[in-house]
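Structure first, then comments.
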Amino acid sequence: MGEKKNDNAAPSTGKATSVIDYIVQRLADEGITDCFGVPGDYAFPVCDAVDRNPNIRWVGCSNELNASYAADGYARVRGAAMLSTTYAVGELSAINGVMGAKAERSLVYHVVGMPSYQNQRVNRKLHHTFGDGVFGNFVNISAQAACCHAVIDPDNCMIEMERVISEARRNNQPAYIVVPGDYALAPVTPTEVRPVTLKSNEASLGKAVAAIAERVRGAKSIVAFPAFALARLRLQKEAQQAIEALGCPFATTTMEKCIIDESHPQFAGLYAGAVSAEKTRQTVEDAELVLDLGGISLNDETTAGFSGRLDSARFVSIGLNDVCIGEQVFGNVRLADVLAALAKFKSPAVPYRRTPEQSRRVNGKPADKITMDPLYSRYAGFIRPGDNVVLESGSSSLGLPPMTLADDVRVHIQMLWGSIGWATGAAFGIALADPNRRTILITGEGSHQLTANEIGNMGRYGANPIILVLNNDGYMVERALEPYPDWSYNDLAKWRYADLPRALGCADWITARVETIGELDAAMKAARESKSGAYIEVIGGRMDMPKALAFAHTRIKELYGSDAA
Ligand SMILES: Cc1ncc(C[n+]2csc(CCOP(=O)(O)OP(=O)(O)O)c2C)c(N)n1
Ligand SMILES: [Mg+2]
């Protein structure tokens with residue numbers, strides 16, 4: 001789909017002799033077929049190597065922040081992504097997005113081209129620097145956004161690539177790879193290397209599994225939390241098998257929405273502290289043992305301002321590389337191996353069976369203005385098996401999650417890092433990563449303003465998302481989180497959102513601006529039927545908020561640590 005590669009370029013597979021050809025091919029070997037980025041002169045060797053590599057295509061983005069979000073989204077679907085930016089000005093613009101990928105365990109390889117070694121050696125005053133002849137000013141900053149980094153030269157290239165790849169995979173977090181332009185074009189020094197396979201230490205694994213078994217046997221009630229990292233590592237099936245073997249209920253936080261089908265008989269519901277359904281709250285908070293599969297994040301957002309009662313002493317935490325039970329730590333055990341062992345457990349207890357309970361659907365009448373209850377009910381009904389749903393931070397990320405969604409739906413949300421604008425960029429990466437699923441972006445208009453220019457590239461590369469933009473005249477979530485909603489800083493420029501696709505080059509997209517339920521229904525139907533992208537601007541009330549947001553308004557102290565928010 002979309003733009004073609006330059007067919008005249010020499011393929012590099014199998015004979016990657018230059019440093020940069022080697023780097024690009026090594027990342028292609030990780031299953032990456034797209035490189036998101038913005039070119040720049042110091043990065044030309046990287047861009048050229050991508051363009052001439054037959055296994056990976058260049059995907060141009062409107063700016064580096066968008067590119068980093070797109071790469072994050074792509075990595076969430078494919079397991080890993082490549083991001084290419086230029087020295088200083090490019091990489092620094094990408095940092096927020098790469099930091100977010102680090103926070104939420106998304107494996108982005110951030111490859112940056114830097115000034116040549118020749119120029120570095122003689123301290124040249126170059127563009128994209130402070131003019132001080134110093135070239136290490138930004139490496140440390142970009143490295144902070146990654147779990148590991150390497151400054152590449154021809155001699156270390158092959159060894160460093162294996163090191164950063166294995167470290168990045170071990171943590172499922174970004175790696176930063178920076179290469180001076182002349183070194184990039186130099187021949188790589190052949191070195192004997194072997195890709196590292198991440199295996200458990202057998203003895204440690206045995207002890208960890210025995211310790212878990214003992215806790216499981218001794219517990220009268222267990223609840224499992226399949227964590228978001230499972231989706232990043234694509235271990236959802238394995239987690240489900242473990243949960244089925246244990247026969248216990250499982251709950252999810254919003255970060256794991258739909259990680260296992262919500263129709264599963266052992267699904268106990270969405271846990272969000274005091275705003276959980278009462279039965280879900282009891283199942284979770286009264287359980288004697290909480291089995292954390294992959295490292296859940298019980299932060300202020302997932303617990304509705306720490307309104308839950310979850311005692312950490314009851315946790316058995318199975319991380320990516322270790323198992324923690326109270327003070328006991330079993331290192332060097334892999335999540336996949338522990339899940340495989342759990343899947344062989346035989347629970348003596350009668351398996352938990354939830355009494356099915358559908359979330360309440362509110363219909364509204366066709367002539368009614370659009371309000372939040374019927375809006376999210378409609379979204380929930382609209383989302384089908386096979387959809388990729390990308391949810392932006394803001395009122396949307398509180399409105400949709402309480403609704404039960406269809407099976408085989410993947411929900412993507414950046415709840416911990418919570419950088420607005422993420423969802424629009426990520427939707428681009430997700431749509432390219434997974435063209436067989438329809439990508440549905442649900443965003444507020446304020447967030448969308450940060451990254452809306454990426455729509456142009458969605459059209460350019462043939463993505464066909466359905467974009468639902470709630471226009472409620474400003475930053476409503478912020479209005480709700482303050483005693484005084486009308487501060488001028490929560491107002492926005494009044495864009496004509498539905499005109500954006502046309503202005504940005506997506507002339508064949510379906511667009512609509514809807515104010516009533518009837519108009520919304522008609523627009524959603526047309527969007528679903530269209531082969532091209534679709535963009536719907538939904539006009540909402542200025543202070544019409546989902547219930548969870550109204551609740552948050554009562555917890556300002558817990559959220560911000562003082563009464564005066
Ligand atoms: C990069 C970044 N800047 C600022 C914020 C603070 N912030 C959080 S939500 C929000 C407003 C979201 O408004 P909108 O997208 O219109 O959604 P609404 O709540 O109005 O539906 C802002 C400014 C943030 N989270 N991230
Ligand atoms: Mg808004």
Side-chain angles (χ1 to χ4, degrees), residues 63-70 72 92-104 145 254-255 299-302 304-305 370-373 375-376 379 390-402 413-427 441-455 467-482 484-498 500 513-515 520 535-553 556 559-560 565:
N63 60 54
E64 289 83 355
L65 178 63
N66 293 1
S68 66
Y69 291 155
D72 177 0
L92 294 176
S93 293
I95 275 197
N96 175 10
V98 184
M99 289 262 180
K102 182 176 183 178
E104 305 226 343
T254 301
M255 286 176 81
N299 56 59
D300 51 349
E301 299 283 329
T302 52
I370 296 165
T371 53
M372 292 307 104
D373 282 347
L375 178 69
Y376 290 112
Y379 284 175
V390 193
L391 252 186
E392 182 59 276
S393 299
S395 71
S396 318
S397 61
L398 294 162
L400 187 70
I413 183 164
Q414 195 203 46
M415 190 129 198
L416 174 62
W417 190 249
S419 182
I420 61 167
W422 172 84
T424 300
L441 164 63
I442 299 178
T443 178
E445 93 282 38
S447 307
H448 193 50
Q449 282 204 4
L450 277 88
T451 48
N453 51 355
E454 212 51 38
I455 287 169
I467 301 182
L468 302 159
V469 180
L470 176 62
N471 179 355
N472 52 15
D473 195 22
Y475 297 139
M476 185 178 67
V477 67
E478 299 210 330
R479 296 192 202 284
L481 293 178
E482 298 181 282
Y484 180 69
D486 290 326
W487 296 110
S488 65
Y489 58 73
N490 285 327
D491 297 336
L492 286 163
K494 293 185 193 304
W495 287 14
R496 290 161 51 145
Y497 295 93
L500 284 176
R513 181 178 188 278
V514 298
E515 289 189 65
L520 174 66
Y535 188 103
I536 305 176
E537 176 184 354
V538 179
I539 307 300
R542 192 166 183 275
M543 283 301 276
D544 181 15
M545 64 186 75
K547 286 186 188 64
L549 188 53
F551 176 80
H553 182 64
I556 289 175
L559 285 168
Y560 302 109

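Atoms within each ligand, like the ligands themselves, are counted from 1 in listed order. Keep in mind the model is a prediction, meaning the values are calculated, not measured.
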Could you pull out the closest heavy-atom pair between S395 and P546, with the gap in Å? O-CG, 3.5 Å
Which protein non-hydrogen atom lies closest to atom 15 (O) of ligand 1, naming both residue and atom, and how far is it? S447 OG, 2.5 Å
Among L65, D544, I420, L470, whose heavy atom sits nearest atom 4 (C) of ligand 1? I420
For G540, state whether at least one heavy atom is located under 4.0 Å from any atom of ligand 1. no
When you look for heavy atoms under 4.0 Å from ligand 1, do you find them on the side chain of N472, its backbone, both, or neither? side chain
D544 side chain to M372 backbone, donor-acceptor under 3.5 Å: yes
Is there any N or O on G474 that sits under 3.5 Å from an N or O of ligand 1? yes
Any donor-acceptor pair under 3.5 Å from N471 side chain to D473 backbone: yes
What protein heavy atom is closest to atom 11 (C) of ligand 1, reported as residue, atom name and distance in Å? Y475 CD2, 3.2 Å
Mark yes or no for whether E392, through its side chain, and S397, through its backbone, hold a donor-acceptor pair below 3.5 Å. no
Can an N, O or S atom be found in G474 less than 2.8 Å away from the Mg ion (ligand 2)? yes
Heteroatom distance test (L492, ligand 1): nitrogen or oxygen, under 3.5 angstrom: no
Top protein contact for atom 17 (O) of ligand 1, by heavy-atom distance: G444 CA, 3.8 Å
Taking the side chain from Q414 and the backbone from E104, do they hold a donor-acceptor pair closer than 3.5 Å? no
Atom name, E445 (N, O or S, nearest to the Mg ion (ligand 2)): OE1
Heavy-atom nearest neighbour in the protein, as seen from atom 6 (C) of ligand 1, with distance rounded to 0.1 Å: E478 OE2, 3.2 Å
Please confirm whether the backbone N or O of L470 pairs with a side-chain atom of E537, one donor and one acceptor, at under 3.5 Å? no
Pick from S419, S393, G399: the one approaching atom 1 (C) of ligand 1 most closely through a non-hydrogen atom: S419
Got the closest protein heavy atom to atom 21 (O) of ligand 1, with its distance? S395 OG, 2.6 Å
Y475 side, atom OH; L481 side, atom CG - distance, nearest 0.5 Å: 14.0 Å
Ring-plane angle category for W487 and Y484, please: parallel below 30°, perpendicular beyond 60°, tilted otherwise. perpendicular
In the protein, which heavy atom is nearest to atom 19 (O) of ligand 1, and how far is it? V477 N, 2.9 Å
Please find out if the Mg ion (ligand 2) and some N, O or S atom of S395 are separated by less than 2.8 Å. no
Name of the residue among L450, I420, V469 meeting side chain to side chain contact (heavy atoms under 4.5 Å, CB included) with T443: V469
At a threshold of 2.8 Å, where the distance has to be below it, does the Mg ion (ligand 2) have an N, O or S atom of D473 nearby? no
Are the side chain of Q449 and the backbone of A493 linked by a donor-acceptor contact shorter than 3.5 Å? yes
Please state which part of E392 comes within less than 4.0 Å of ligand 1, counting heavy atoms only: side chain, backbone, both or neither. neither
For the backbone of M543 and the side chain of R479, can you confirm whether one donor and one acceptor N or O come within less than 3.5 Å of each other? no
Just go through Q414, R542, E445 and tell me whose heavy atom is the nearest to atom 16 (O) of ligand 1. E445
Can you report which non-hydrogen protein atom sits closest to atom 25 (N) of ligand 1, along with the distance? G418 O, 2.8 Å
Say whether W417 and N96, considering side chains only, have a donor N or O and an acceptor N or O under 3.5 Å apart. yes
Could you identify the single nearest non-hydrogen protein atom to atom 14 (P) of ligand 1 and state the distance to 0.1 Å? G446 N, 3.6 Å
